[in-house]
Protein chains: 2
Amino acid sequence: MARRRPTSHDVAKLAGVSRTTVSLVLNDVPGVNISPETRQRVLEAARQLNYYPNAAARRLVSGQTHTIALVWHRGPDRTYRDAFLPGLLQGITRAARHYGYHVLFRPIDPDESDDCYVELARGRHTDGLILSGPRSDDTHLLDLHRDGFPLVLHGQLPGTDIPSVDIDNVRGAALAVEHLLKLGHRRIGMITNAPLIYTASRQRLEGYRQALTQAGIPYDEALVRYGNFDEESGQQAIEALLALDPPPTAVFVASDMVAMGAMRTLRDRGLRVPDDIAIVGFDDITAARFIVPALTTVRVPTFGLGWTAAERLIRLIHRDTLQETHVLLETELVVRESCGAAVP
Amino acid sequence: MARRRPTSHDVAKLAGVSRTTVSLVLNDVPGVNISPETRQRVLEAARQLNYYPNAAARRLVSGQTHTIALVWHRGPDRTYRDAFLPGLLQGITRAARHYGYHVLFRPIDPDESDDCYVELARGRHTDGLILSGPRSDDTHLLDLHRDGFPLVLHGQLPGTDIPSVDIDNVRGAALAVEHLLKLGHRRIGMITNAPLIYTASRQRLEGYRQALTQAGIPYDEALVRYGNFDEESGQQAIEALLALDPPPTAVFVASDMVAMGAMRTLRDRGLRVPDDIAIVGFDDITAARFIVPALTTVRVPTFGLGWTAAERLIRLIHRDTLQETHVLLETELVVRESCGAAVP
DNA sequence: ACGTGTTACTGACACGTGTTAGTCCGAGTA
DNA sequence: TACTCGGACTAACACGTGTCAGTAACACGT
């Protein structure tokens, strides 16, 4: 026979006080006077009954869920999907815990409608949403924002004032290319991480371009090829670059996963990295450390992204104002072997 | 001025019916008669007001949260922490969505008390818990189970009847060693994934042992070294094995991350894999595909683990009975280059 | 005329908590 | 003595929903 869970009423009865007093004591409400003896009696009764307040009732009466959700679009980007999730979630949950919030994880599969997260917000399952990989044609998103529902985007949605957090892709790519320039390369190719419909791809290309311009090297379209998230696209792209006359002496590959394919092809062709051709990647996936030569790459602060997004979201929930709507986090160049810089 | 969210009362008023009728229509309660016109009027009113039922109120009255939680211990195992999480979460969320449940993600940091997840259960934030990496000294866990709270363990806790899901470590390790035996190796070393306090380590060692015994090869303690989750431990362990006279012709490393260290040392020493020494790993982390030679390893069905755990948990929540309390999922040997099998 | 059954709907309670507006009582003050 | 004040506590409402018991209207068979 399953016994009924104890309620605050049971605690009150056992302690010989009213339910109100129980609530006041257990929530440590400031500005009310409860005698030490009564307080002690209530705490003891709660302990004895192993009382835990019912979350649903609390949510109902307070109107707050103390929960935030991460809405995670499963796009075609496997790196994004697998390599960034642990760090991002860790950042989010750490910040959430710090402020007393829970975290709901809601991936959106390709077969689901884009607006399936709306119920989460409208039905008051959560106090706010972090939306990863927002679509610009998502009208529901704008509706929610207009109605004042707390939202933070992970990624960018140009032309809106919805708060967002992302990495500085332009600067990150420039970091990589500047490093190659510093090593003396003048003919530097690029393989994008994905087609240019993706914002991040355009931005990383822009960073490449800026770094070249800064160094007084004209931008040459022939040196740019387009990756598509996976290894295979890297193999095709590097072959196209190798077919140039002369081929580049270095290539910035804007995705480690794509770079894996490029490096495989170089190895198969008997070309040595970095001696024959230098490579710098982007993302710093786990494998980057382990391949030979170890991949020089741009590290994405996944934990920081998660932490920042969650912290800003909770700030919005508390109706604080944010100093800046859009935040770009700095990336970090991790120098290993594939770029040809001297390694101690 | 933020307008009040519409309630079922507002819908009722607009449709000219009682609140009960609204509830009956919107929930499609079977066995009640509502005229088609009324039904239509209610649906139209709900649509017009953009009505979403309040989750907290629903939870309170129904006593169900339609939420399950993944409680995730952040142990010292980086692979477990990062490489398995995405797949596991995907499996869990897929199953959860299929049955109409939400997923709460609750990592437990090293600085937190072990019982911080209890409030999740006792406070009725969730209908059930998946606990990853259970501790045998966790009395709160046993208490919850005794009180009939739905629990599923990811991992094993010998001596309890708490339902659990794990991979068959013994069989997985045996698969790896049998493969090496089939390739003609007779002197096979082993490096464990972690110290033997960890159940998985003991089991993988047992699988190694069983495969040898099966082949009529006596177990030799001198051929076994102990890894400790990371690369460095792999480097030390492989050096100890190389110092043997004669050294093993093949080594089963019960963790890909540890194997990364071992292979680095072999390369540094100028030894070729698999020609001089064959290697088989365990886990199939992303990097295993990309290193040279590509690592033959045992794949862990992370998605399956998540799906199975969630599905069984939800079954428990529905008070269905499970055929078997403990489930072991099969692993799969992924043959690549490091073992020396012919690759087409 | 009368009981029976069915259809279509509603009133009222329950869920367990936070919180506001009080009440009671004894001490302090004019 | 009368009046005020604050300490210690409580009664009662509100949150928004699901659901059970009940009712009015009407059809139908005898």
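Each chain gets a letter, A, B and so on, in the order the sequences are listed, and its residues count up from 1. Values below: all heavy atoms of this structure, side chains included; hydrogens, waters and symmetry mates excluded. Every value quoted in this text rests on a predicted model; they were computed, and no experiment measured them.
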About how many Å separate [atom2] of [Y] and [atom1] of [X], when rounded to the nearest 0.5 Å?
X      : Y      : atom1 : atom2 : answer
B:R5   : B:N54  : CZ    : CG    : 5.5 Å
B:L153 : B:R312 : CG    : CZ    : 10.5 Å
B:H140 : B:C116 : NE2   : SG    : 10.0 Å
B:I162 : B:F149 : CD1   : CZ    : 12.0 Å

Tell me what [X] touches on the nucleic acid: a base, only sugar-phosphate, or nothing, going by heavy atoms under 4.0 Å.
X     : value
A:T7  : sugar-phosphate
B:R59 : nothing
B:V17 : sugar-phosphate
B:S8  : sugar-phosphate
B:S23 : base
A:S35 : sugar-phosphate
B:N54 : sugar-phosphate

### Message
Can you list everything that forms a side chain to side chain contact (heavy atoms under 4.5 Å, CB included) with A:R97? Sequence neighbours excluded, please.
### Response
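Applying side chain to side chain contact (heavy atoms under 4.5 Å, CB included) to A:R97 gives B:R106, B:D109, B:D111, B:E112.
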
### Query
With nearest nucleotides of DNA chain C determined for B:R39 and B:V61 from heavy-atom distances, which residue corresponds to the more 5′ nucleotide?
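Its nearest nucleotide lies further toward 5', so the answer is B:R39.
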
### Task
Decide yes or no for A:L313 and A:Y101: does some side-chain heavy atom of the first lie under 4.5 Å from some side-chain heavy atom of the second?
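The answer is no; the side chains never approach within 4.5 Å.
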
#### Entry: A:S164 to A:H326 - nearest heavy-atom pair and separation
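Smallest heavy-atom distance, with atoms named: OG-ND1, 2.8 Å.
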
### Message
Under 3.5 Å for both donor-acceptor distances, Watson-Crick or wobble: does D:dG29 have a partner, and if so which one?
### Response
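By the stated definition (distances under 3.5 Å), C:dC2 pairs with D:dG29.
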
Nearest-Å distance, [atom1] ([X]) to [atom2] ([N])?
X     : N      : atom1 : atom2 : answer
A:L60 : D:dC13 : CG    : P     : 17 Å
A:Q40 : D:dA8  : CD    : C1'   : 17 Å
B:H9  : D:dA14 : NE2   : P     : 13 Å
B:I34 : D:dG18 : CD1   : P     : 14 Å
B:L24 : D:dT17 : CG    : C1'   : 12 Å

Tell me whether the OP1 or OP2 atom of [N] has a side-chain N or O from [X] closer than 4.0 Å.
X     : N      : result
A:T21 : D:dC9  : no
B:Y51 : D:dT17 : yes
A:S18 : D:dT10 : yes

### Message
Taking B:D28 first and then B:R39, would you say they form a salt bridge - that is, a charged N and a carboxylate O separated by under 4.0 Å?
### Response
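B:R39 and B:D28: salt-bridged.
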
### Positional range of nucleotides in DNA chain C within the contact set of chain B, heavy-atom, under 4.0 Å
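Range of nucleotides touched by chain B: C:dT7 to C:dG16.
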
### Query
Counting side-chain heavy atoms from CB outward, which of D:dT19, D:dT17, D:dA12 is closest to B:P53?
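Nearest to the side chain of B:P53 among the choices is D:dT17.
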
